[in-house]
> 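Would you mind keeping the following structure in view while I ask a few things?
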Amino acid sequence: MRFKCIRCDLCCGTGPNVVLTVFDVIRMAEYLGKHWRSFIHDYTKVIVAELFVYIVLRDKGNGECVFMERDREGRTYCRIYKARPMRCRLYPLYIVTPKSKYLHLDTECPGVGLGEEKSIPLKLVERYSYELAYQYKELVRLVVDEGIEPLKALEQILDRLWNEAEQGAKWADYKYIESLGTF
Ligand code: SF4
Ligand code: SF4
């Protein structure tokens with residue numbers, strides 16, 4: 001498909017609904033030189049919905065993502081671009097469920113249909129699907145099977161991944177994620 005971002009700020013500036021994976025949290029926290037707990041506290045909302053828990057990027061109170069900035073010409077950019085979440089890397093495509101055979105396209109994005117033809121970065125899609133499925137499976141195991149309270153379960157998963165990152169896990173390096181391609 002053809003796609004070219006025209007930096008219109010529609011996606012980053014009109015109410016962030018970017019749900020982060022636990023892997024995104026670790027990568028973004030590391031990139032900013034923060035512990036995951038400070039990152040969650042400073043930049044996210046954690047929503048508990050029945051047995052599940054979602055980590056969502058906060059906005060600045062005006063719909064703009066907490067990481068969205070403007071340059072001197074007023075054009076928007078992402079302050080954390082190199083370590084941006086998977087959801088943002090793949091936009092205007094998105095994964096609805098990790099098991100789905102299809103990617104969905106947000107046709108609201110005015111960049112769709114512009115520019116050169118691009119291939120879908122399948123390695124990135126595979127990794128993102130894996131991370132979504134991992135988070136879902138781990139939450140089910142801890143919350144449903146072991147009866148752990150959702151926020152405690154999330155804490156356990158993040159602590160475990162933080163330790164993996166400290167030990168040099170490849171997935172924790174944003175450069176590795178960049179090497180999988182973007183859209
Ligand atoms: S909505 Fe599309 S064109 Fe506009 S900034 Fe986002 S990705 Fe770029
Ligand atoms: S993290 Fe960056 S790319 Fe993603 S919504 Fe925020 S400003 Fe936009």
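Not measured: the values here are computed from a predicted model. Every number for a ligand or one of its atoms is a count from 1 in the order of the listing.
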> May I ask you to list the atoms of ligand 1 that are less than 4.0 angstrom from any heavy atom of D9?
5 (S)
> Give the residue and atom name of whichever protein heavy atom lies nearest to atom 2 (Fe) of ligand 2, and the separation in Å to one decimal.
C78 SG, 2.3 Å
> With sequence neighbours left out, write down each residue that passes salt bridge (Lys or Arg N to Asp or Glu O under 4.0 Å) with R75, or none if nothing qualifies.
D71
> List in chain and number order the residues that pass salt bridge (Lys or Arg N to Asp or Glu O under 4.0 Å) with E69, two or more places apart in sequence or in another chain; answer none if no residue qualifies.
R79
> Using the salt bridge (Lys or Arg N to Asp or Glu O under 4.0 Å) criterion, which residues pair with K34? Sequence neighbours excluded.
D42
> Run down the list G13, P85, C65, C88 and name the one with the heavy atom closest to atom 3 (S) of ligand 2.
C88
> Under a plain distance cut-off of 3.5 Å, with no hydrogens placed, do W171 and E164 share a side-chain donor-acceptor pair?
yes
> For ligand 2, which atoms, with element, lie under 4.0 Å from some heavy atom of L57?
1 (S)
> For atom 2 (Fe) of ligand 1, how many protein N, O or S atoms come closer than 2.8 Å?
1
> Give a yes or no on whether a salt bridge exists between E146 and R141, defined as a side-chain N under 4.0 angstrom from a carboxylate O.
yes
> Can we say E149 and K152 salt-bridge, meaning some charged N sits less than 4.0 Å from an Asp/Glu carboxylate O?
no
> At what distance, to the nearest 0.5 angstrom, does CD1 of I80 lie from CE of M68?
15.0 Å
> Could you tell me the residue and atom name of the protein heavy atom closest to atom 8 (Fe) of ligand 2, and the distance to it rounded to 0.1 Å?
C12 SG, 2.4 Å
> Heavy atom under 4.0 Å from ligand 1: found in E108's side chain, backbone, both, or neither?
neither
> Would you say the side chains of T21 and R87 form a donor-acceptor pair under 3.5 Å?
no
> In terms of atom number and element, which parts of ligand 2 are under 4.0 angstrom from non-hydrogen atoms of F67?
7 (S)
> What pair of heavy atoms forms the shortest contact from P121 to T182, and how long is it?
CG-O, 3.4 Å
